[in-house]
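Here the structure comes first, spelled out in structure tokens, and everything after it is commentary.
Keep in mind that what you see is a predicted model, and the values were worked out from it rather than measured.
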Amino acid sequence: MNWIKNFVRPKFESVFRGKDDTEENLWINCTECGEMIFHRDMDDLGKVCPGCDHHMRLSTKERFELLFDSSYDLVDSPEVPVDPLKFKDQKRYIDRLKDARNKTGMRDAVSIGVGDISGVETVVVVQDFAFMGGSLGMAAGEAVIRGGETALEKNCPFIVVAAAGGARMQEGIMSLMQMPRTTVIIQELRDRGLPYIVILTDPTTGGVTASYGMLGDVHIAEPGALIGFAGPRVIQDTINEKLPEGFQRAEYLLEHGMVDMVVHRHKLAETLGRLLRLLIDPQSSQAKQAVPAGE
Amino acid sequence: MQVYLEFEKPIAEMEGKIAELRAISKDDPEVNILNEVTRLEEKVATQLEKTYKSLNPWQKTLVARHPSRPHFVDYIDHLVDDFTPLSGDRLYSDDQAIIAGLGRWQGRRVAIMGHEKGANTQARLKHNFGMARPEGYRKAIRVMELAERFNIPLVTLVDTSGAYPGIGAEERGQSEAIARCTEKCLQIGVPFVSVIVGEGGSGGALALATANRILMLEHSIYSVASPEACASILWRSREKAKEAAEALKVTAESLSDLGVIDRILKEPVGGAHRERNLVIDQVGDAVIEELDSLSHLSADELRRDRRQKFLDMGRQGIT
Ligand SMILES: [Zn+2]
């Protein structure tokens, strides 16, 4: 397996850098409440608005840095066939893919990292909404599988940070097939007694929720995240009535029994660490070495 | 009453003419219509053959949704003795969009389940047009578990435009239900054969189709999203469904090339709705053949076969 240390250039720059560095570009407006936040504070705040607690989207790098204690290694995602259907809508899929790669500096939506969380070695897979809406295609599916396999090899817990509008439509049926394919790897983790935790971030809908997104031993949602099967617009069009307040938001899912907890981003790493230590039995053979000595 | 699809217009006209001639000769037996009728019937046969040999993906979508296409209940009526439906998910309600039960498939003990779209307005409402809610998938899970407990092979017939997008369905965990159902498909230690008999729409279809062997009728479709939904997302217009069907590669032939399905079952000229019993019998025989081919495998081997089949998917044969 190839381990690479370097990661893509931080997206932080491209998202928040203005056309020029004039004074007003150093301030970012919260998309929810409009509060002005000094851009250097954004990092310390984990991109959570100090005014209204709105959780803004994180880049993959920011997410890894938020969750891991310190350093981490990246695992290469497997190569997959590009554009299996030779898909073209108003634009060729292969061109859309190229654009997305240029824009984000990423190969595809899912990245795999290995590092410690509260001292427990853990494989974390991050799905990045910035890459074609995080959509689940062959590359993303294969990366989730490789992430799971890495956890099996290392005998350690597996965490998926999910975010996706749904399937990678342009990969057609091959996108749909990532649902059972990723489910297989989750089953193998389960057979081995390794913890699998899902973190549902804004937004997670469609095939991702209807497969590995809802198969965790523990489901954690970020506050306010949109989580569901069908998108709100589709439901609205089908039933022709107004959707209830807070429909399909993290808190709504908690209320309806679909997630275990809604956790503020500032408490996320700590909560994961606590959970992992509770889930792993230091006396059993499973994931034994994952718990540091002295526990 | 024969329902004609938009591209069957020439056929509809000729068959209309034949019916007209027959009506005339009934009123006036002196009129000799035989030659003309024979000539027209031959023309119809040629036209049907020509049309159905080169259906494009959108036309196939229409055939797959043809109101007279055999539905789940038709297969049960013709193929399954002692059919005993099992109702309810034991949690909330019974979802009639998915029918599940036990019976004897051409004499063979099976658990069988599938989507039912309904053949008339009343039935369509009862079965919610084959669009299941979480309860449907949870009933399927329950019956799969039962099948495994009693070592009964599983057969599923897939025919849905997708899972139902509604407030209640979301509230009660549509995604969780589909995820668990797919997971259960991968878990059970009994032979499992699935046939896409009409529309295989998205996760709502997949949840019943994650089988050891996946068969598909020639003019059925199986897709990540309906052509209309895909068109409205990527073309921003539902009018582009034809283009979307083309691009999505929804046909049995394409899916076989992509290695997603194992076997295509031929349909009679003019589609399954023209010779319903023929198609049903053919599905009956094919399912038995596939179940036989799996019968020597142990529970563990069946499970492994299924998991490996899906893991392998897309790793070879696609350039
Ligand atoms: Zn705010």
[X] side chain near [Y] side chain, heavy-atom distance below 4.5 Å:
{"X": "A/Thr183", "Y": "B/Phe310", "answer": "no"}
{"X": "A/Ile239", "Y": "B/Tyr164", "answer": "yes"}
{"X": "A/Gln187", "Y": "B/Gln187", "answer": "yes"}
{"X": "A/Met174", "Y": "B/Val260", "answer": "yes"}

Check the pair B/Arg315 / A/Glu142 against side chain to side chain contact (heavy atoms under 4.5 Å, CB included), numbers first and verdict last.
-> CA-CA 9 Å; B/Arg315 284 187 175 165; A/Glu142 208 61 77; 2.4 Å; yes

Heavy-atom pair of closest approach, residues [X] and [Y]:
{"X": "B/Ser202", "Y": "A/Leu176", "result": "C-CD1, 3.7 Å"}
{"X": "A/Thr238", "Y": "B/Pro165", "result": "OG1-CG, 3.6 Å"}
{"X": "A/Met169", "Y": "B/Ala225", "result": "SD-CB, 3.6 Å"}
{"X": "A/Ser211", "Y": "B/Ala179", "result": "O-CB, 3.5 Å"}

Show, in sequence, the C-alpha distance, side-chain angles and deciding distance for B/Leu234 and A/Lys91, and conclude whether the side chain to side chain contact (heavy atoms under 4.5 Å, CB included) test is met.
CA-CA 9 Å; B/Leu234 295 181; A/Lys91 204 171 164 183; over 6 Å; no

Notebook entry, point to check: Thinking salt bridges, do A/Lys88 and B/Glu243 make one under a 4.0 Å N-O criterion?
Noted result: no

B/Arg307 with A/Asp191: basic N within carboxylate O range, under 4.0 Å
yes

Which of B/Ile221, B/Leu248, B/Leu255 passes side chain to side chain contact (heavy atoms under 4.5 Å, CB included) with A/Ile173? It is B/Leu255

From the list B/Thr210, B/Leu206, B/Val224, side chain to side chain contact (heavy atoms under 4.5 Å, CB included) partner of A/Met179 resolves to B/Leu206

Pair B/Leu258-A/Leu85, side chain to side chain contact (heavy atoms under 4.5 Å, CB included): steps then yes or no | CA-CA 9 Å; B/Leu258 289 165; A/Leu85 305 189; 3.6 Å; yes

Has [X] got more than 12 heavy atoms of other residues, nucleotides or ligands less than 6.0 Å from its [atom1]?
{"X": "B/Glu253", "atom1": "CD", "answer": "no"}
{"X": "B/Lys240", "atom1": "NZ", "answer": "no"}
{"X": "B/Glu239", "atom1": "CD", "answer": "no"}
{"X": "A/Glu245", "atom1": "CD", "answer": "no"}

Chain B heavy atoms under 4.5 Å from [X]: which part of the residue, side chain, backbone, both or neither?
{"X": "A/Ile145", "result": "side chain"}
{"X": "A/Gln248", "result": "side chain"}
{"X": "A/Tyr252", "result": "side chain"}
{"X": "A/Leu215", "result": "both"}

From the list A/Thr209, A/Ile186, A/Val208, the residue making the most non-hydrogen contacts under 4.5 Å with chain B is A/Thr209

Most contact-rich option vs chain B, by heavy-atom pairs under 4.5 angstrom, among A/Glu188, A/Arg181, A/Glu241, A/Met214, is A/Arg181

Tell me if a side-chain donor or acceptor on B/Glu170 pairs with a main-chain N or O of A/Phe229 at a distance below 3.5 Å. yes

Item checked: Donor-acceptor pair, side chain of B/Gln174 and main chain of A/Ala230, under 3.5 angstrom -> no

In this structure, OG of B/Ser175 is separated from CG of A/Leu253 (nearest 0.5 Å) by 7.5 Å

Rounding to 0.5 Å, atoms OG1 (A/Thr182) and CG (B/Leu311) come to a distance of 10.0 Å

One option among B/Glu176, B/Glu183, B/Gln308 has the most heavy-atom pairs under 4.5 Å with chain A, and it is B/Glu183

